[in-house]
Protein chains: 2
Amino acid sequence: MLKKNDKRYHHGDLKSALIEAGLAELEEKGLAGVSLRGIAARVGVSHTAPKNHFDSLRGLLTAIATQGFEIQTAEMRRGVEDQPPGPARLRAASNGYVRFALNNPELFKLMFSGSLKDGEDPDIKRAAWASYDVLRDIAHGLDWDKADNPGGPWRTEWMLWSMVHGYATLLVEGEIRRNEDGSLLFDMSDLMPDFGYLPEALKERPKPFQGEGMNDG
Amino acid sequence: MLKKNDKRYHHGDLKSALIEAGLAELEEKGLAGVSLRGIAARVGVSHTAPKNHFDSLRGLLTAIATQGFEIQTAEMRRGVEDQPPGPARLRAASNGYVRFALNNPELFKLMFSGSLKDGEDPDIKRAAWASYDVLRDIAHGLDWDKADNPGGPWRTEWMLWSMVHGYATLLVEGEIRRNEDGSLLFDMSDLMPDFGYLPEALKERPKPFQGEGMNDG
DNA sequence: ATAAAAAATTTACATTGGAAATATAACGGA
DNA sequence: TCCGTTATATTTCCAATGTAAATTTTTTAT
């Protein structure tokens, strides 16, 4: 039990404090402007103090991104329970995905940066999968993905994930036009129509794609 | 006319040489490892020489990304002419989009980085739109987007673009599983089924989304 | 109380992007 | 051809960054 002012070490819980400060610095200064020294200064410790809790800046960023996935998961789950199973839930979760990206653009970029974070870290892997599972579990409940898809669920999952993630990414990177007040022209409900039925081709057995012509030129 | 050894200035054409060197450095050392000094050293000039042609590293990266969009446009057009108008062309262009991303992953990341490049630069804007237009022009030729979409072409465009771009992004960032030899489990032809027909909801008139609940939390 | 471990600081260093001053080559006009 | 102007590139310098090593301070365990 930690009471008020019960700073057991010099700081008490520097590890959590650094992650919190990192989240704040991220949205204040942008992904490109974030620095280890800046985060440390925000907490009020020397710039080498983080070394005791994270092996490097990369490690700290990985922990921040992990927290990002947890927030994203919560945001996707928000509102899903209010909807009946089926396409409505898929739209609610998808809108949560986009909403999170819009509300935490720099964190979202970090989470999918690939080079700044350590994607092999067990914690971030677990958190990322938990977020992905929200979409996947709902998609698996849809009529068009019940049983007749013996090639595995990958195809329909990836189609949906690609659409949602692509839209969020393009919005966050400023590639897609918004209304003047910053609101969206379309949310995922508009972009992703009634998935109660889907083109028959999607139900065919998928064959592994061997990538002819994919690795030349 | 420039003959061999006709170095008119100290270098001759440093601007182009820097872009070329930057493209090479990018794929060799990755987006995170690229540096102005490294690019300059590769060409054999001092690290401040680029200043005469680009105001900053950001400017040089913007020029590199611009060239990237031009390569991407060519890659998308490759093979499109062989296909009859319609869904087949859409698949060919989409596969070109993904193929470019897989063959130039670091360049692709730079092109959509948002912070490293200057998205307002007129040249990069023109090049990016040219790439986007390949997808858009084909999409507009499809039956399901002929005339009854008075809300503008944005919705169908963005749905397709999101799917293609999202898939390319997730592949490049290593978020989507591949076969052991690096080939894809699905290409865009598998992911994007017969678009000869499409859910009726997509043909309804789109209404502007005002973003209720999008900016809270 | 004292030794051991944990946590944080100080100092130092290599690398980076950029600014300023200087040097060198190309060009244009007499 | 000569010379001044401009374009191009170098040298020197600086602040900021991430990291390593040595040191100091605090906590914990015995």
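All values below come from the heavy atoms of this structure, side chains included, with hydrogens, waters and symmetry mates left out. Quick note on labels: first sequence line is chain A, next is B, and so on, each numbered from 1. Keep in mind the model is a prediction, meaning the values are calculated, not measured.
- For the pair B:Glu173 and A:Lys117, the salt-bridge criterion is not met [side-chain N within less than 4.0 Å of a carboxylate O].
- Under a 4.0 Å N-O distance rule, the pair B:Arg126/B:Glu120 does not qualify as a salt bridge.
- Nearest nucleotide to the side chain of B:Ser46, out of D:dA9, C:dG18, C:dT11: D:dA9.
- Contacts between residues 111-122 of chain B and DNA chain D, counted as heavy-atom distances below 4.0 Å, involve no residue at all.
- Ring pair A:His165/A:Tyr132: centre-to-centre distance not below 6.0 Å.
- More than 12 heavy atoms of other residues, nucleotides or ligands sit less than 6.0 Å from atom CZ of A:Arg58.
- Using cut-offs of 30° and 60° for the angle between ring planes, the B:Phe112 and B:Tyr97 rings count as tilted.
- Protein atom CG of B:Asp55 is 9 Å distant from nucleotide atom P of C:dA19, rounded to whole Å.
- Atoms NZ (B:Lys29) and C1' (C:dT15) sit 12 Å apart, rounded to a whole Å.
- Under 3.5 Å, the side chains of A:Asn95 and A:Ser189 contain a donor-acceptor pair of N or O atoms.
- B:His47 has its NE2 atom 11 Å from the P atom of D:dT11, to the nearest Å.
- Per the geometry, NZ belonging to A:Lys15 stands 14 Å off P belonging to C:dA6, to the nearest Å.
- Counting to the nearest Å, the P atom of D:dA16 and the CG atom of B:Leu57 are 19 Å from each other.
- Taking a 4.0 Å limit (strictly below) on heavy-atom distances, residues 30-41 of chain B reaches DNA chain C at B:Ser35, B:Leu36, B:Arg37.
- No donor-acceptor contact under 3.5 Å links the side chain of A:Ser56 to the base of D:dT19.
- The side chain of B:Lys51 contributes an N or O atom lying less than 4.0 Å from OP1 or OP2 of C:dA19.
- The side chain of A:Ala49 sits closest to C:dA8 out of C:dA8, D:dA9, C:dG18.
- In this structure, B:Tyr167 and A:Trp158 have tilted ring planes: the angle between them lies in the 30° to 60° band.
- Checked against side-chain hydrogen bond (donor to acceptor under 3.5 Å, both in side chains), A:Ser56 has no partners two or more places apart in sequence or in another chain.
- Between B:Phe54 atom CZ and C:dG17 atom C1' there is a gap of 16 Å when expressed in whole angstrom units.
- What separates NE2 of A:His53 from C1' of D:dG18 is a distance of 18 Å, to the nearest Å.
- Shown here for A:Thr73 and A:Ala130, the closest heavy-atom pair between the two residues is OG1-C, 3.9 Å.
- For a distance-only test at 3.5 Å, the side chain of A:Asn52 fails to qualify as a donor-acceptor partner of the base of C:dA6.
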